[in-house]
2 protein chains.
Amino acid sequence: MKEGPDIARVAALLGDPARANMLTALMGGRALTATELAQEAGVTPQTASSHLAKLEAGMIVTPRKQGRHRYFTLSGPDIVEALEVLMGIANRVGHNRVRTGPKDPELRHARVCYDHLAGDMGVALFEGLTKRNLIESDLNGVALTAAGITFAGEFGIDLDALRSKRRPLCRECLDWSARQSHLAGSFGAALLDRFYDLGWARRGVESRIVRFSREGERQFRDLVNF
Amino acid sequence: MKEGPDIARVAALLGDPARANMLTALMGGRALTATELAQEAGVTPQTASSHLAKLEAGMIVTPRKQGRHRYFTLSGPDIVEALEVLMGIANRVGHNRVRTGPKDPELRHARVCYDHLAGDMGVALFEGLTKRNLIESDLNGVALTAAGITFAGEFGIDLDALRSKRRPLCRECLDWSARQSHLAGSFGAALLDRFYDLGWARRGVESRIVRFSREGERQFRDLVNF
DNA sequence: TAGATGCTTCGATTACCATCGAACTATGAA
DNA sequence: TTCATAGTTCGATGGTAATCGAAGCATCTA
């Protein structure tokens with residue numbers, strides 16, 4: 001009974017958890033590399049490569065080669081629209097099957113997204129830094145302000161070291177739990193590292209949960225609630 | 001990495017060919033029984049039952065019990081929207097992978113949909129009968145007009161025999177190739193049977209293609225082009 | 001040049017799920 | 001009641017696809 005526009009083929013492409021996670025990550029609007037997408041999806045680079053090949057063949061994502069990286073973006077507004085609609089349905093459905101495992105709230109609160117802070121606290125960090133005028137974001141992305149550069153030095157982050165890497169300093173990353181942005185990029189990662197170093201937080205073993213100490217959470221609030 | 005609104009879960013539900021065919025059939029807007037959906041999807045009733053249970057659990061379709069039938073409808077406008085967007089993407093993809101097997105154009109032109117005529121000629125039939133005021137359709141469905149009842153008798157169709165079956169006389173069926181309606185229901189099926197009997201057309205062996213003879217196609221055009 | 005990193009291909013394994021036959025329940029018709 | 005039809009559940013089977021380890025290619029850096 002293979003007939004008609006293969007809606008099943010397209011839906012099946014979006015219907016794999018790993019691929020769906022990749023696509024959700026790409027909803028941020030910025031191009032991501034294959035490796036980043038692999039980590040976002042929680043699979044090995046090989047597996048991710050296979051998935052990306054399928055998505056590319058299905059014209060869901062578009063690759064753009066740059067140096068030894070391959071950056072992927074969603075291949076069109078219709079893909080974005082489809083994902084948004086599906087998110088809406090999934091949320092509707094999700095409300096009814098309230099199976100909040102014990103870890104779930106913690107994951108929503110603070111977790112690692114690749115190597116930076118995500119969850120409610122990640123969003124709070126992004127917003128706090130924006131309010132304090134340490135970062136500013138426009139259509140092209142996010143960047144440190146002059147005040148932000150000063151702040152980074154005071155906070156113990158070596159920006160020059162970060163800049164020597166090819167990875168962008170600041171990047172916006174869409175948060176699934178809050179549907180808002182949190183801070184990614186090497187600066188975002190450095191901030192989380194610094195939180196670890198300062199003893200504000202520890203990373204949960206064998207999970208992506210980030211656990212803040214009481215004192216650490218207080219200091220964090222000072223940082224973002226200014 | 002199960003996190004976030006389970007867009008994958010929803011997409012996977014739409015990503016099975018059998019389920020996608022059922023949902024496409026339901027895009028016509030009318031409620032269909034489990035058996036009808038099974039035939040539409042080309043699977044056995046058992047398999048269909050399993051699929052429908054999943055779709056129901058996922059809140060994609062809503063069942064309504066009536067007598068010993070279970071009528072299914074799409075559970076909301078968001079589902080319709082999702083299917084439409086996916087159809088659009090699938091069409092776009094289809095354009096680029098132009099693997100039009102030799103049978104493809106013929107399938108688009110005239111084919112069997114379960115037991116009635118679909119494809120361009122199916123759409124032409126629906127429109128022709130409407131223009132001649134033999135059928136009329138509104139939100140509730142399609143029905144024969146008084147003139148249509150007369151016409152049926154003259155054309156050699158025993159309406160009383162059809163009415164004795166529980167199956168609806170006229171039904172609208174959405175056409176994937178033309179995105180328009182063609183005529184289903186027992187009357188639609190009877191028309192196609194009559195075309196066979198009159199020698200206007202033959203059904204292709206082992207395929208769903210309907211092949212009109214030259215003379216048959218001429219007569220058909222007289223019928224619908226009035 | 002050598003070494004590191006990003007990404008892919010290949011091959012083997014595993015797990016899931018669609019499918020259908022058979023048997024069962026429920027509703028309606030005679 | 002008895003028979004037919006609509007629909008389901010159960011169990012077994014098969015095929016497909018996701019996954020990862022290992023190895024390869026490509027690109028950048030030193």
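Order of the sequence lines sets the chain letters (A, B, ...), proteins ahead of strands, with each chain counted from 1. Quantities reported herein were computed from a predicted structural model and do not represent experimental measurements.
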Is a donor-acceptor pair below 3.5 Å formed from side chain B:Q46 to base D:dG7, judging by atom type as modelled? no

Could you tell me how far apart A:H69 (NE2) and D:dC28 (C1') are, to the nearest whole angstrom? 9 Å

CG of B:D78 to CG of A:L86: how many Å apart, nearest 0.5 Å? 10.0 Å

Which whole-number value in Å describes the distance from B:D16 CG to D:dG15 P? 17 Å

Whole Å only: how far is the OH atom of A:Y71 from the C1' atom of D:dT27? 14 Å

DNA chain D: A:K54 or A:G67, which has the more 5' nearest nucleotide? A:K54

Think A:H51 has a side-chain N or O under 4.0 angstrom from the OP1 or OP2 of D:dA17? no

Taking the side chain as every heavy atom from C-beta outward, state whether A:L23 and A:L55 have any pair of such atoms under 4.5 Å apart. yes

Measure the acute angle between the ring planes of A:H69 and A:Y71, then classify it against the limits of 30° and 60° as parallel, tilted or perpendicular. tilted

May I ask you to say what B:A18 touches in the nucleic acid, namely base, sugar-phosphate or nothing, with a heavy-atom cut-off under 4.0 Å? sugar-phosphate

Side-chain heavy atoms of A:L32 within contact of A:M22, under 4.5 Å: no

What is the separation between atom NZ on A:K65 and atom P on D:dT27, rounded to the nearest whole Å? 5 Å

Could you check how far CG of B:L52 sits from C1' of D:dG7, rounded to whole Å? 10 Å

Minimal heavy-atom distance between A:F72 and A:A34, with the atoms involved, is CE1-CB, 4.0 Å

In whole angstroms, the gap separating P of C:dC7 from CD of A:Q39 amounts to 10 Å

Which nucleotide in C:dC20, D:dG7, C:dC7 has an atom nearest any side-chain atom of B:T44: C:dC20

Phosphate OP1/OP2 of C:dC7 contacted by A:S49 side-chain N/O (<4.0 Å): no

If you compare every side-chain N and O of A:T47 against the phosphate oxygens of D:dA18 (OP1, OP2), does one of them come in below 4.0 Å? no

Can you measure A:Q66 atom CD to C:dC7 atom P for me and round it to whole angstrom units? 11 Å

Using heavy-atom distances to pick each residue's nearest nucleotide on DNA chain D, tell me which of B:A53 and A:S50 is more 5'. B:A53

Rounded to the Å, how far apart are B:R68 CZ and C:dT25 C1'? 13 Å

